[in-house]
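Here is the structure we will look at.
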Amino acid sequence: MADLPDKDAAFIDWYLAVVEAADLSDKRYPVKGMNIWTAYGLRARRRLDQVMIREIEAIGSEAVEFPTLIPETDFAKEKEHVKGFDAQVYWVTRGGLTPLDVPLVLRPTSETAMYPTFALWVRSHKDLPLAVYQIVNTFRYETKTTRPFVRVREIHFFEEHTCQVDDAAATRRVHENLRAFAKMAADFGLPYLALRRPDWDKFAGAAYSVALDAPIGGPRTLQLGTVHHYRENFSGPYGIRYEAVDGTQKLVHQTTFGLSERLLGGIVAIHGDAKGAVFPVAVAPFEVVVVPIPAAGAGPAVNAAASEITERLRAAGRRVRLDAGDERPGAKYYRWELKGVPLRLEVGRREAAERTATAVDRFGAKGTVRLDSLESDVATRLDEFDRTLRERAETRFRASFAPAATLAELAHSDRVRYVGWCGAEACGHEIERAIDGALLGTPEERFPFETGPPARCIACGVERDVRWAVAAQPI
RNA sequence: GGGACUGUGGGGUAGCUUGGUCCAUCCUUCGGGGUUCGGGACUCCGAGACGCCAGUUCAAAUCUGGCCAGUCCCA
């Protein structure tokens with residue numbers, strides 16, 4: 001097994017090598033940007049989905065599923081949206097040999113699939129708020145280089161869509177979504193910033209967009225998800241109206257919340273290290289791997305102890321894997337570390353005799369668990385592992401940012417930068433050119449740095465109405 | 001959209017300039033046997049590739065053309 005490229009010096013090479021070596025995805029499928037979900041990768045993805053489902057249902061969303069194909073006539077109703085997606089959708093233009101009168105779009109996202117139906121579902125203020133989500137595949141014809149999980153053409157997409165009585169209710173929903181994401185991110189151990197995108201970079205058709213960005217080393221960031229406030233931009237063209245308490249007809253205000261397998265890419269990118277992937281317990285395909293260490297004469301006792309441990313942990317609801325394969329123990333350690341399993345339990349002649357197991361977490365912290373108290377000992381170790389994981393990520397997160405006072409400081413930056421910005425688009429583009437990246441936007445909720453207000457716009461120098469903005473190189 | 005580059009077993013590579021030494025090198029992987037097993041074991045046997053289609057030639061992994069796929073840069 002070859003060593004991995006250096007994460008800091010060759011991040012992309014490292015990332016691709018980990019995804020491949022940990023067997024999270026098989027990218028040899030012969031269509032660009034469409035990769036195969038392997039058994040191990042799919043286990044991780046399903047864990048992510050479950051966390052998303054738990055948190056979105058906790059704020060009152062219900063699961064639905066809309067069809068994959070959208071008639072062009074519906075797709076084209078909201079002009080900005082169409083303009084934004086026109087160049088990157090797949091078209092179905094034939095049914096068998098017959099050209100279709102109305103071509104069909106493979107959904108790049110589902111606004112235009114859902115909203116004609118929302119107009120039928122929403123009649124009265126009693127129908128509001130309407131909050132539904134679906135986890136489905138969407139398709140975008142990416143022309144840039146695709147990367148597993150991070151930039152793909154077939155996207156495993158979580159999308160919540162809501163209809164609200166007015167702007168204020170929709171704004172509250174945006175913040176409910178942000179809090180729901182905060183809970184998900186806590187499970188994933190992912191520190192991030194919620195940034196309101198500048199107008200030129202918002203979602204096509206949105207009134208405004210709040211993106212969830214995570215620094216992943218150097219000046220680079222990864223966008224993990226987005227929450228959009230549409231106001232009446234879609235409800236107008238799609239006729240989503242309700243009769244208010246006072247008898248008048250009103251357009252709903254809408255929001256959406258989107259996440260994808262990028263979260264998995266983010267988890268690999270942020271937690272991974274020189275030994276490979278590192279999964280937080282909530283996401284780990286296997287929380288525990290049990291490795292028996294055979295010894296001459298003690299084989300049956302060792303195997304019996306390993307089996308007992310595996311079965312008891314499984315009965316306790318743990319995702320556990322017994323690796324009894326015919327390899328040297330060391331080879332197994334390396335592989336399961338590469339695959340990011342949080343905790344390894346080793347059982348050899350000594351442990352079997354003492355009714356214990358040696359526990360080593362993914363960071364190398366070593367200890368002993370007793371079979372008497374196996375379930376609770378393992379739970380304690382996993383909690384400690386998760387705490388370490390979070391602290392490491394949080395420490396790196398804080399070290400990822402630096403302020404900049406001049407445009408020159410942005411060039412060849414080794415950090416994500418926060419700068420004073422007057423809000424003017426021209427200044428924003430100057431900042432983007434200077435960092436050779438993007439102005440990600442202004443903090444929507446918290447700003448994690450101890451810092452006063454910015455003195456002046458880094459581009460034009462004005463001192464009035466200046467706010468902090470974050471500039472980086474999104475991948 | 002414009003340009004440059006690259007396609008060799010499952011993965012990574014040597015060979016390509018100057019056609020023949022190549023029924024293709026090495027590492028890894030995979031299957032089988034044996035000895036092993038407390039941090040990537042050893043050994044024996046075996047499996048597996050020149051992106052596709054034409055052309056030039058006595059002879060093509062190597063040269064030419066087209067196609068397909070991929071990567072990077074620029075708009």
Side-chain angles (χ1 to χ4, degrees), chain A residues 1-6 10-41 83 86-89 141-148 150-154 200 220 273-278 289-307 309 322-369 429 432-433 436-438 473 475:
Chain A
M1 216 172 291
D3 285 332
L4 297 169
D6 185 83
F11 174 77
I12 290 294
D13 293 336
W14 171 88
Y15 176 79
L16 294 172
V18 170
V19 168
E20 184 186 328
D23 197 25
L24 289 166
S25 177
D26 193 329
K27 63 185 171 83
R28 292 172 299 181
Y29 192 79
V31 179
K32 179 185 169 85
M34 297 189 182
N35 303 322
I36 298 158
W37 286 95
T38 58
Y40 192 68
K83 226 193 291 172
D86 211 12
Q88 51 171 308
V89 292
Y141 185 75
E142 283 286 350
T143 54
K144 291 182 185 168
T145 303
T146 56
R147 307 271 184 222
V150 168
R151 191 180 296 122
V152 291
R153 283 176 162 181
E154 180 169 4
W200 65 86
R220 293 180 299 268
D273 61 19
K275 290 178 170 181
V278 182
V289 60
V290 179
V291 178
I293 299 165
V302 166
N303 288 335
S307 295
I309 290 170
L322 172 62
D323 187 355
D326 184 22
E327 276 178 307
R328 313 268 294 200
K332 295 177 184 176
Y333 302 164
Y334 276 94
R335 177 148 28 81
W336 292 110
E337 282 166 358
L338 181 59
K339 291 167 93 71
V341 176
L343 190 67
R344 176 175 78 236
L345 295 179
E346 306 169 12
V347 188
R349 180 208 299 267
R350 205 164 55 230
E351 288 90 342
E354 295 169 355
R355 290 193 57 74
T356 62
T358 297
V360 184
D361 79 14
R362 178 57 179 74
F363 298 123
K366 203 164 181 173
T368 302
V369 300
H429 290 318
E432 294 187 328
R433 274 192 298 277
D436 191 25
Q473 294 177 344
I475 67 162

Answer with yes or no whether A:E337 presents, from its side chain, a donor or acceptor under 3.5 Å of a partner atom in the base of B:G40. no

Can you tell me how far apart NZ (A:K275) and CZ (A:F363) are? Round to the nearest 0.5 Å. 10.5 Å

Please measure how far the P atom in B:G66 lies from the corresponding atom in B:U6, and state the result in whole Å. 16 Å

Distance check, P atoms only: B:C52 and B:U62, in whole angstrom units. 11 Å

Atom CZ of A:R335 to atom P of B:A41: distance rounded to whole Å? 11 Å

C1' atom, B:C27 versus B:C63: distance in rounded Å? 31 Å

Return the value, rounded to whole Å, for the distance between atom NZ of A:K332 and atom C1' of B:A41. 13 Å

Does A:E432 form a side chain to side chain contact (heavy atoms under 4.5 Å, CB included) with A:W200? I'd like the steps, not just the answer. CA-CA 12 Å; A:E432 294 187 328; A:W200 65 86; 3.4 Å; yes

If we ignore hydrogens and angles and just use 3.5 Å, is the side chain of A:T38 paired with the main-chain N or O of A:L24 as donor and acceptor? yes

Residues in ring-ring contact (aromatic ring centres under 6.0 Å, His included) with A:W37, at least two apart? A:F149

To the nearest angstrom, the CG-C1' distance between A:D86 and B:G1 comes to 16 Å

Gap between atoms CG and P, on A:D323 and B:G40 respectively (whole Å): 15 Å

For B:U21, give the paired nucleotide (Watson-Crick: N1-N3 plus N6-O4 or O6-N4; G-U: N1-O2 and O6-N3; both under 3.5 Å), or none. none

Please check if atom NZ in A:K32 has more than 12 non-hydrogen atoms from other residues, nucleotides or ligands closer than 6.0 Å. yes

Tell me the partner of B:U13, counting only Watson-Crick (N1-N3 plus N6-O4 or O6-N4) or G-U wobble (N1-O2 and O6-N3) with both under 3.5 Å; none if nothing fits. none

Same-atom distance (C1') from B:A24 to B:G48, integer angstrom: 13 Å

Where the side chain of A:D326 is defined as all heavy atoms beyond and including C-beta, which of B:G39, B:U36, B:G38 is the nearest nucleotide? B:U36

Counting only Watson-Crick or G-U wobble pairs whose two distances fall under 3.5 Å, which nucleotide matches B:G48? none

A:R328 CZ to B:C37 P, straight-line distance once rounded to whole Å: 7 Å

Please list, chain by chain and in numerical order, all residues satisfying side-chain contact (heavy atoms from CB on, under 4.5 Å) with A:R151, sequence neighbours excluded. A:E142, A:K144

Would a distance-only check, ignoring hydrogens and angles, find a side-chain to backbone donor-acceptor pair under 3.5 Å from A:K339 to A:A22? yes

Taking atom CG of A:L338 and atom CZ of A:R362, what is their separation to the nearest 0.5 Å? 8.0 Å

So which nucleotide does B:U57 pair with, by the Watson-Crick or G-U wobble rule with both distances under 3.5 Å? none

Whole angstrom value for the distance that separates P of B:G40 from CD of A:E327: 12 Å

Report the residue (A:K366 or A:G33) whose heavy-atom-nearest nucleotide on RNA chain B is the more 5′ of the two. A:K366

Distances for protein N/O vs nucleotides 7-13 of chain B N/O pairs under 3.5 angstrom?
residue: B:G10; atom: O3'; partner: A:R28; partner atom: NH1; Å: 3.0
residue: B:G10; atom: O2'; partner: A:R28; partner atom: NH1; Å: 2.3

Which residues in residues 344-353 of chain A have at least one heavy atom lying under 4.0 Å from any atom of RNA chain B? A:R344, A:E346, A:G348, A:R349, A:R350, A:E351

Roughly how many Å apart are B:C42 and B:C5, using the P atom of each and rounding to a whole number? 43 Å

Atom P, compared across B:G19 and B:C58: separation rounded to whole Å: 15 Å

Residue pair A:W336, A:R344: steps toward the side chain to side chain contact (heavy atoms under 4.5 Å, CB included) verdict: CA-CA 8 Å; A:W336 292 110; A:R344 176 175 78 236; 5.7 Å; no

Would you mind reading off the distance between A:Y29 atom OH and B:G70 atom C1', rounded to a whole angstrom? 17 Å

Report which part of the nucleic acid A:K32 touches: base, sugar-phosphate, or nothing (heavy-atom distance under 4.0 Å, all strands). sugar-phosphate

Under 3.5 Å donor-acceptor, A:R349 side chain and A:A296 backbone: yes

To the nearest 0.5 Å, atom CD1 of A:I36 lies from atom CZ of A:R28 at 7.5 Å

Distance between C1' atoms of B:G15 and B:U8 (Å, rounded): 9 Å

A:K144 NZ to B:G70 P, straight-line distance once rounded to whole Å: 17 Å

What residues from residues 289-300 of chain A pass a heavy-atom cutoff of under 4.0 Å to RNA chain B? A:I293, A:P294

If you round to the nearest 0.5 Å, how far is CG of A:D26 from CD of A:E20? 8.0 Å

With the criterion set at under 5.5 Å between ring centres and under 30 degrees between planes, would B:G39 be stacked on A:Y333? no

Please check if the number of heavy atoms outside A:Y40 that lie under 6.0 Å from its OH is greater than 12. yes

With both distances under 3.5 Å as the test, what is the Watson-Crick or G-U wobble partner of B:G70? B:C5

Watson-Crick or G-U wobble mate for B:C42, both contacts under 3.5 Å: B:G34

Can you list the residues that meet the salt bridge (charged side-chain N to carboxylate O under 4.0 Å, His left out) rule with A:D436, with sequence neighbours excluded? none

Write down the distance separating the C1' atoms in B:U13 and B:A61, rounded off to the nearest Å. 14 Å

